Amino acid sequence: MAKKIRETNGVTDLVEKDLNERIEIFGAREHNLKNFDISIPKNKLVVFTGVSGSGKSSLAFDTIYNEGQRRYMESFSAYARQFIGDMERPDVDKITGLSPVISIEQKTTNKNPRSTVGTITEIYDFLRLLYARIGEAYSYNTGRKMVKFSEEEIVTNIFKKYNGKKITLLAPLVRGRKGHYRELFEDIRKKGFVKVRVDGEVLDLTPRMQVDRYKIHDIEVVIDRLKVEDEFKVRISQSVQQTLKMGKDLMFLLVESAGDAKGKNSKKDNGESEVVQYSKQLMCDVTGISYEEPSPNSFSFNSPYGACPTCKGLGVVYAVSMDTVIPDNTKSIKEGGIAPLGEEREAYMYRSVEQLARKHKINLDKPLKDLPEKALNILLYGNENGGSVDDIDFDDNANASPYEGAFEGIIPMLKRWFAGSGSTESMREWVEKFMELKTCPTCNGARLKTESLWFKVDEKNISELSDLNLDKLMVWFSDVEKRLSNKQNVIAKDVLKEIRERLQFMLDVGLTYLTLNRPSRTLSGGESQRIRLATQIGSQLQGITYILDEPSIGLHQRDNHRLITALQNLRDIGNSVLVVEHDKDIMLAADHLVDIGPRAGKHGGEIVAAGTPDEVLKIDSDTAHYLSGKKAIAVPGERRKGNGKILELKGAKGNNLKDVSVKFPLGKLIVVTGVSGSGKSTLINETLYPILSKHAYNSRTTPMDYKTVKGLEHIDKVIEIDQSPIGRTPRSNPATYCGFFTEIRTLFASVPEAKIRGYNAGRFSFNVKNGRCDLCEGGGMRVIEMNFLPDVYVHCEKCNGKRYNRETLEIRYKGKSISDVLDMTVDEACEFFQPVPFLYRKIKVLQDVGLGYITLGQSAVTLSGGEAQRVKLATELAKKDTGKTFYILDEPTTGLHFQDIQHLLDVLNKLVDRGNSVLVIEHNLDVIKVADHIIDLGPEGGDGGGTILFEGTPEEMIKDKTSHTAKYLKIEMNGSNN
């Protein structure tokens with residue numbers, strides 16, 4: 001508490017001011033921020049908005065979050081800090097009232113193939129614990145429930161089933177192994193035992209006894225032989241105890257029938273001896289298969305105790321692709337019909353094939369399609385019968401030499417080179433061209449070993465539960481207690497509570513359509529962010545400042561209220577929630593709205609308005625005008641007719657698509673809509689794009705299951721523009737990605753001073769040693785590796801972030817060094833390079849897509865997903881199109897203010913006006929309402945989606961009663977018309 005003195009009527013009062021009520025920021029100057037002060041209320045939902053590049057992220061992440069992280073680092077001991085270095089203080093005078101900070105960004109998606117929705121939310125960890133404690137085991141051979149016995153239960157069972165019969169108690173020592181076992185027999189004899197049962201026959205133990213070392217044997221020691229009668233109860237009990245001890249919790253009971261003195265292994269139904277197994281472990285009483293006692297690791301695909309041995313827990317394996325091995329069966333072997341073999345040449349492998357062909361009379365000049373199947377099998381598999389390409393054999397034979405013995409065949413050779421430990425990296429990369437990922441044939445994609453999949457709770461194994469949509473999984477868990485035994489309910493009570501709570505948090509943020517098995521690398525930025533948000537709500541932390549970057553990405557309007565409720569819940573338990581957002585609903589639901597602007601880059605960085613949404617609406621600003629409806633993106637008066645050509649896809653069945661057939665009219669702006677998880681990405685990104693890519697570029701991407709496609713001849717290029725980063729290091733930037741940095745370097749090399757010094761264009765590359773700073777190696781930033789936190793980038797102290805050494809920076813073009821050019825915004829560069837037409841045209845395209853505020857050398861790691869997407873769009877726009885290009889964009893409005901969406905639509909409309917087709921996957925109603933053609937999927941997400949609800953114009957769509965999108969589009973279009 002701080003105190004200030006107030007005088008009232010001559011009386012001095014001590015008035016307490018609680019500094020913990022607000023986050024006070026004084027003199028914020030990071031990036032383009034104009035040295036302003038701002039007071040942000042704590043424990044409220046605060047939304048930062050403004051045009052792209054106005055300074056929202058600079059305030060939220062680069063100032064508030066970085067200062068919070070720096071303070072956290074300073075709390076470490078001096079010893080710990082020497083390993084992680086010092087974090088640079090944000091350019092700000094002072095920040096007060098800042099509580100511990102957690103950032104939830106878009107770019108934190110884990111690309112590890114082992115990471116799934118279940119593992120990152122910890123739900124799968126609780127599920128593993130549940131199965132380890134209450135799972136019931138079943139035999140994978142018979143499907144019968146497995147049993148395990150205590151010593152007392154075994155004795156009771158013996159008296160119940162075999163009373164009055166003669167029995168032999170056997171302790172198994174060897175099961176199905178080769179060897180002579182001379183030492184084992186001698187050791188048993190020294191312990192005082194006199195008989196053993198070898199391969200089903202009871203024998204007397206004799207000195208120097210041994211068996212055939214090259215045969216497989218089963219060996220049990222005879223512990224006791226007696227009749228089951230009450231007088232021997234104590235003896236039987238002691239013998240059972242000793243048998244289980246020697247047999248490591250497993251024992252055999254040989255029940256002798258009349259006239260079977262020797263006790264040879266025979267079957268009960270022949271009137272002879274019966275062999276019964278008892279185990280203190282889980283065991284099938286029919287086949288004798290036993291499982292180890294389960295632990296949580298038994299159900300983990302990241303542990304050797306639970307992972308499928310074939311795919312190592314990945315669910316997929318590499319298999320040889322026959323389509324790439326034999327791309328064209330009309331060619332002969334000499335013409336390169338077998339791709340790994342290549343065309344006729346002087347090479348050991350090719351000469352081996354020629355020898356083989358002579359031996360088996362195979363014509364190498366004949367087209368492959370005309371060769372007999374046996375001949376082709378000899379070439380491909382090394383034998384006439386053929387073989388399998390389905391999986392990779394990782395055994396010791398993978399390193400066997402092909403130079404000895406018969407020709408191994410092309411397919412086994414590829415497998416050996418891919419899997420062999422002696423193969424080089426370049427060899428594996430070459431072989432990978434002929435491989436494809438297929439579902440693991442052993443576990444069918446379940447990732448777990450067979451035994452783990454036969455532990456069930458309410459007749460479902462852990463993989464079956466993980467494949468259910470989260471909303472269906474919640475239904476299953478809601479009343480599972482009714483289907484469990486009393487003992488199971490007592491054990492599972494707390495675990496079920498934790499699972500249900502975490503599932504509910506996931507449903508609350510609109511992720512009903514995901515499954516626990518969904519790999520995290522397939523999640524969009526918004527989905528990943530909402531999962532982390534749900535995890536944070538589940539942690540129930542208090543007194544935290546959460547900073548989120550557009551959590552509404554990829555969320556349909558119908559589900560917006562769920563996200564808003566989740567953010568409010570996070571606030572209500574005692575946290576400050578700061579959100580960088582452009583979504584209208586979230587902005588209006590905020591407790592405090594901060595509008596930063598008024599424009600982007602150096603024309604932004606000021607507080608335009610701050611207060612409640614009602615107060616901000618009264619201000620004269622672009623944001624206020626769009627929120628109040630004074631401004632709106634206009635609906636076009638007439639929809640394009642297109643070029644009359646159609647691309648038709650039939651029978652798409654990937655993921656949740658239900659045998660979908662759809663027509664894409666070309667020469668139009670097509671928008672694909674639908675609730676989150678309805679199948680948009682599966683239809684477009686995973687089915688349509690691979691088909692078009694294969695047609696246009698002969699790419700190896702495999703589309704999801706479909707029947708036919710028509711109209712490919714009307715398209716000669718396909719360009720997919722997604723939100724993946726343009727680079728993952730500070731070296732990558734818009735100038736290098738768009739390709740015009742080479743021309744800028746050539747321009748500097750043509751300066752007279754550069755020619756006198758003998759500098760060529762390479763001197764001005766920060767990737768070449770001569771001209772770059774030798775400390776940061778041209779990065780401008782130095783990376784500090786944090787052993788237990790994400791890496792931190794700091795300015796290079798030698799070149800001060802300029803990337804180049806002093807000599808290179810002395811060369812100037814029109815008074816600017818190469819570093820000065822990289823520090824120019826796109827707007828400044830357009831003006832500077834206007835007299836250079838070939839450069840100006842390429843930089844102008846960046847300005848056209850609304851990126852005038854970013855600098856040419858801005859690090860790729862600082863660009864948002866939406867900005868990266870627009871850099872890619874600009875790169876494609878700078879190229880000459882043919883008028884038959886098909887563009888695919890996935891949510892290009894990410895990170896765009898209302899004003900910027902207008903710029904984007906202008907660019908997309910130019911593309912369509914030049915005869916191209918543009919397909920956009922989008923939830924933003926401003927884009928949907930200007931479409932020429934809408935394809936709406938649904939009606940729900942996950943299993944409830946995957947069907948085409950509507951195809952046609954927006955005017956026709958608003959009449960549709962089945963579509964969730966239609967309802968919101970009708971409101972939006974009526975508002976626009978007003």
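Keep in mind it's a predicted model, so treat the numbers as computed, not measured. Position 1 is the first residue of the sequence, and the numbers go up from there.
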Minimum side-chain heavy-atom gap [X]-[Y] below 4.5 Å:
{"X": "Ser298", "Y": "Leu448", "value": "no"}
{"X": "Leu683", "Y": "Leu937", "value": "yes"}
{"X": "Asp328", "Y": "Leu368", "value": "no"}
{"X": "Asn517", "Y": "Val117", "value": "no"}
{"X": "Asp722", "Y": "Lys872", "value": "yes"}

ask   = Considering all heavy atoms of both residues, which atom of Val317 and which atom of Cys440 are nearest to each other, and what is their separation?
value =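 Of all heavy-atom pairs spanning Val317 and Cys440, the closest is CG2-CA, 4.2 Å.
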inquiry  = Heavy-atom count check: over 12 atoms from other residues, nucleotides or ligands less than 6.0 Å from Asp323 CG?
reply    =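 No, because the 6.0 Å sphere around CG of Asp323 holds 12 heavy atoms or fewer from other groups.
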key: Exceeds 12 heavy-atom contacts within 6.0 angstrom, atom NZ of Lys248   =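 It does not: Lys248 NZ has 12 such atoms or fewer within range.
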query = Are the charged groups of Lys707 and Asp659 less than 4.0 angstrom apart, N to O?
reply =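 Looking at Asp659 together with Lys707, the answer is yes, because their closest N to O distance falls below 4.0 Å.
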ask   = Is Asp365 salt-bridged to Lys334, cutoff N-O under 4.0 Å?
value =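 Yes.
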message = How long is the straight-line distance from CD1 of Ile462 back to CG of Leu130, given to the nearest 0.5 Å?
response =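 If I round to the nearest 0.5 Å, the distance is 8.0 Å.
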Between OG on residue Ser452 and OH on residue Tyr140, distance to nearest 0.5 Å =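 Interatomic distance, Ser452 OG to Tyr140 OH, rounded to 0.5 Å: 11.5 Å.
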request  = Would you please classify the geometry between the Phe455 ring and the Phe299 ring as parallel, tilted or perpendicular, with 30° and 60° separating the classes?
outcome  =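 Perpendicular, since the angle between the ring planes exceeds 60°.
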message = Please verify the inter-ring angle class for Phe886 with Phe664; under 30° counts as parallel, over 60° as perpendicular, anything in between as tilted.
response =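 The arrangement is perpendicular - the two ring planes meet at more than 60°.
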inquiry  = Cation-pi check for Trp417 against Lys415: NZ or CZ below 6.0 Å from the six-membered ring centre and within 45 degrees of the axis, yes or no?
reply    =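 No.
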query = Is it true that the side chains of Thr522 and Arg518 contain a donor and an acceptor less than 3.5 Å apart?
reply =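 Indeed, the side chains of Thr522 and Arg518 share at least one donor-acceptor pair under 3.5 Å.
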request  = Consider only side-chain N and O atoms of Glu459 and Tyr138, and report whether a donor and an acceptor are under 3.5 Å apart.
outcome  =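 Glu459 vs Tyr138: no donor-acceptor pair found between side chains.
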